[in-house]
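Basis for what follows: all heavy atoms, side chains included, without hydrogens, waters or symmetry-related copies. The residues of the chain are indexed from 1 along the displayed sequence.
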Amino acid sequence: MAIYEDVARALETEIREKFRSGEYLPSEIQLAQRFSINRHTVRRAIDELVQAGMVLRQQGKGTLILEHSLQYQIGARGRFSESVEAMGHHPEARIIGRFLHRADQLLAQKMWVEPGTEVFRIDTLRCIDGKPVTLISHYLPKHHFPDLEQQYRGGSLHALLEARYGLQLTRKQGLISAGMPTRQESLLLQYPRNMPLLKIRSNNLCTRTGVLVEYSVSRSRADCFEYKIEPRQNPRTEGDSSS
């Protein structure tokens with residue numbers, strides 16, 4: 001990797017972790033001194049960030065940091081609040097709907113239950129630093145949580161399931177797609193209807209028993225998130241020549 005690419009990656013990490021939109025990067029001279037490189041290499045590194053839409057050069061002012069998306073890791077644990085707090089932001093979950101109904105054929109197939117099973121559906125609006133960013137519909141079999149409707153009052157649902165019912169969840173699979181928002185989704189997320197939402201459909205299992213405890217569908221603003229997926233690497237055994 002070229003030196004300017006290394007510098008660009010280092011600056012990208014700092015922008016995500018330490019800077020806010022509207023702030024300015026240090027000057028090219030300061031960056032050149034810091035990385036022990038010439039200003040031409042600094043400019044090439046900043047060019048990478050400009051092309052990525054993370055910064056904007058302003059003549060006579062410097063390099064402006066634009067509003068950037070958060071890297072959200074898609075892993076085995078699906079705790080929105082925990083992940084956002086780890087990035088240094090304040091998460092909030094507001095309940096916008098509660099329903100109890102019987103699973104039809106399609107929902108039953110997704111939840112690995114029999115059609116007609118009673119299912120809680122809880123819709124939440126997730127905010128980061130007061131900004132609405134994600135809608136999540138949680139589907140949970142009632143027989144696992146007969147009093148869930150009274151117990152859950154907002155915040156991290158998965159934290160409640162662990163504290164109240166002793167269930168720690170693991171994401172078995174997550175299907176990622178994109179779709180245009182409905183009118184209601186657009187209003188709740190304060191997001192234009194001509195821009196796509198990022199959707200994740202997840203099957204979350206009890207870590208101890210392997211039983212499906214929750215099926216969830218999240219719809220997130222595409223201008224707020226980048227999904228990061230890090231597949232597990234299976235070490236090769238000695239003599240394994242497969243590619």
Enquirer: Tell me if a side-chain donor or acceptor on Arg153 pairs with a main-chain N or O of Gln150 at a distance below 3.5 Å.
Expert: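 Judged by distance alone, yes, a pair lies under 3.5 Å.
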Enquirer: Return the set of residues passing side-chain hydrogen bond (donor to acceptor under 3.5 Å, both in side chains) with Thr134 (not counting sequence neighbours), or none when no residue passes.
Expert: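 Thr134: side-chain hydrogen bond (donor to acceptor under 3.5 Å, both in side chains) contacts with Ser220.
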Enquirer: In sequence, state the C-alpha distance, the side-chain angles, and the governing distance for Ile96 and Thr124, and then conclude on side-chain contact (heavy atoms from CB on, under 4.5 Å).
Expert: CA-CA 5 Å; Ile96 58 175; Thr124 58; 5.8 Å; no
Enquirer: Step by step, work out the side-chain contact (heavy atoms from CB on, under 4.5 Å) result for Leu49 and Glu12.
Expert: CA-CA 7 Å; Leu49 302 179; Glu12 179 181 346; 4.1 Å; yes
Enquirer: For Ser186 and Pro181, work out which heavy atoms get closest and say how close.
Expert: N-CB, 4.2 Å
Enquirer: Taking the side chain as C-beta and beyond, is there a heavy-atom pair between Lys142 and Val119 under 4.5 Å?
Expert: no
Enquirer: Starting from Ile136, can I reach Leu189 by hopping between I/L/V/M/F/W/Y residues whose side chains sit under 4.5 Å apart?
Expert: no
Enquirer: Which pairs pass ring-ring contact (aromatic ring centres under 6.0 Å, His included) with one or both residues in residues 183-202, sequence neighbours excluded?
Expert: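 Listed once each, the pairs would be none.
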Enquirer: Would you say the side-chain atoms of Ser36 pair up with the backbone N or O of Ala32, donor to acceptor, closer than 3.5 Å?
Expert: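 Such a contact is absent between Ser36 side chain and Ala32 backbone.
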Enquirer: For the residue pair Cys127 and Pro132, what are the closest heavy atoms and their distance?
Expert: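 That would be SG-CA, 3.8 Å.
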Enquirer: Atom CG in Leu11, atom CG in Asp6: separation rounded to 0.5 Å?
Expert: 11.0 Å
Enquirer: Could you pull out all residues at least two apart from Glu185 that satisfy salt bridge (charged side-chain N to carboxylate O under 4.0 Å, His left out)?
Expert: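 Per chain and number, Glu185 pairs via salt bridge (charged side-chain N to carboxylate O under 4.0 Å, His left out) with Arg219.
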Enquirer: Using the side-chain contact (heavy atoms from CB on, under 4.5 Å) criterion, which residues pair with Gln151? Sequence neighbours excluded.
Expert: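 For Gln151, the residues satisfying side-chain contact (heavy atoms from CB on, under 4.5 Å) (neighbours in sequence not counted) are Asp147, Leu160, Arg164, Tyr165.
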Enquirer: Within a strict 4.5 Å, meaning less than it, do heavy atoms of the Arg34 and Pro26 side chains meet?
Expert: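 Arg34 vs Pro26: side chains apart.
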Enquirer: Considering residues, nucleotides and ligands other than Gln184, do more than 12 of their heavy atoms fall under 6.0 Å from its CD?
Expert: no
Enquirer: Should Phe120 and Leu205 be counted in the same cluster of Ile, Leu, Val, Met, Phe, Trp and Tyr side chains packed under 4.5 Å apart?
Expert: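 Different clusters: Phe120 never reaches Leu205 through Ile, Leu, Val, Met, Phe, Trp or Tyr contacts under 4.5 Å.
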Enquirer: Could you pull out the closest heavy-atom pair between Gln58 and Leu64, with the gap in Å?
Expert: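 Gln58 and Leu64 have their closest heavy atoms at NE2-CD2, 3.6 Å.
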Enquirer: Going from CD on Gln168 to OG1 on Thr207, what distance comes out if it is rounded to the nearest 0.5 angstrom?
Expert: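 Interatomic distance, Gln168 CD to Thr207 OG1, rounded to 0.5 Å: 4.5 Å.
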Enquirer: According to side-chain contact (heavy atoms from CB on, under 4.5 Å), who are the partners of Ser177, at least two apart in sequence or on a separate chain?
Expert: Lys199
Enquirer: The criterion is side-chain contact (heavy atoms from CB on, under 4.5 Å); which residues satisfy it with Asp47, sequence neighbours excluded?
Expert: Arg57
Enquirer: Got a second to check how far Arg43's CZ is from Thr63's OG1, nearest 0.5 Å?
Expert: 10.5 Å
Enquirer: Under 3.5 Å, side chain of Arg221 to main-chain N/O of Gln190, donor-acceptor pair present?
Expert: yes
Enquirer: How would you list, by chain and number, every residue that makes a side-chain hydrogen bond (donor to acceptor under 3.5 Å, both in side chains) with Arg39, sequence neighbours excluded?
Expert: Glu28
Enquirer: Can you list every ring-ring contact (aromatic ring centres under 6.0 Å, His included) pair that touches residues 194-217, not counting sequence neighbours?
Expert: Tyr139-Tyr215
Enquirer: Please determine whether residues Val42 and Ile3 belong to a single hydrophobic cluster, defined as Ile, Leu, Val, Met, Phe, Trp and Tyr linked transitively by side-chain heavy-atom distances below 4.5 Å.
Expert: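 Shared cluster, yes.
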Enquirer: Should Lys131 and Cys224 be marked as a side-chain contact (heavy atoms from CB on, under 4.5 Å) after you check the CA-CA gap, both sets of side-chain angles, and the distance that decides it?
Expert: CA-CA 10 Å; Lys131 178 180 179 179; Cys224 292; 3.8 Å; yes
Enquirer: Which residue pairs satisfy the side chain to side chain donor-acceptor pair (under 3.5 Å) criterion with at least one member in residues 100-121, sequence neighbours excluded?
Expert: Arg121-Asp123
Enquirer: Just by distance, do the side chain of Ser202 and the backbone of Asn204 share a donor-acceptor pair under 3.5 Å?
Expert: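 No: the side chain of Ser202 does not pair with the backbone of Asn204.
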Enquirer: Checking side-chain contact (heavy atoms from CB on, under 4.5 Å) for the pair Val213/His158: CA distance, chi angles, key distance, verdict?
Expert: CA-CA 11 Å; Val213 172; His158 286 193; over 6 Å; no
Enquirer: Are the side chain of Asp129 and the backbone N or O of His90 linked by a donor-acceptor pair below 3.5 Å?
Expert: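 Side chain of Asp129 to backbone of His90: a pair is present.
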Enquirer: Rounded to the nearest 0.5 Å, what's the gap from OG1 on Thr182 to CG on Leu187? Could you check?
Expert: 8.5 Å
Enquirer: Quick check for you: to the nearest 0.5 Å, what is the distance between Arg193 atom CZ and Met180 atom CE?
Expert: 8.5 Å
Enquirer: When you measure from the side chain of Tyr152 to the backbone N and O of Gly155, does any donor-acceptor pair fall under 3.5 Å?
Expert: yes
Enquirer: Return the set of residues passing side-chain contact (heavy atoms from CB on, under 4.5 Å) with Leu140 (not counting sequence neighbours), or none when no residue passes.
Expert: His138, Phe145, Leu148, Leu157, Leu161, Glu214
Enquirer: Test of understanding: with salt bridge (charged side-chain N to carboxylate O under 4.0 Å, His left out), list the residues that count as partners of Arg94, not counting sequence neighbours.
Expert: Glu92
Enquirer: Between Leu107 and Leu212, is there shared hydrophobic-cluster membership here, with clusters defined by ILVMFWY side-chain heavy atoms closer than 4.5 Å?
Expert: yes
Enquirer: Measure across Ala8 and Ala45 and return the closest heavy-atom pair with its distance rounded to 0.1 Å.
Expert: CB-O, 3.6 Å
Enquirer: Keeping the roles fixed (side chain from Gln30, backbone from Ser27), state whether a donor-acceptor pair exists under 3.5 Å.
Expert: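 Flag set: sc Gln30 to bb Ser27 pair under 3.5 Å.
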Enquirer: If Ile, Leu, Val, Met, Phe, Trp and Tyr residues are connected whenever their side-chain heavy atoms lie under 4.5 Å apart, and connections chain through other members, are Val217 and Leu135 in the same group?
Expert: no
Enquirer: Any idea which heavy atoms bring Ile200 and Gly174 closest together, and the distance?
Expert: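 Looking at all heavy atoms of both residues, the closest pair is CG2-CA, 4.4 Å.
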Enquirer: Gly62 and Tyr24: which non-hydrogen atoms are nearest, and at how many Å?
Expert: C-CD2, 3.9 Å
Enquirer: Would you please name every residue forming a side-chain hydrogen bond (donor to acceptor under 3.5 Å, both in side chains) with Gln33, sequence neighbours left out?
Expert: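 Checked Gln33 against side-chain hydrogen bond (donor to acceptor under 3.5 Å, both in side chains); zero matches.
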Enquirer: When you compare the side chain of Leu31 with that of Ile46, does any pair of heavy atoms fall below 4.5 Å?
Expert: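 Of all side-chain heavy-atom pairs linking Leu31 with Ile46, at least one is under 4.5 Å.
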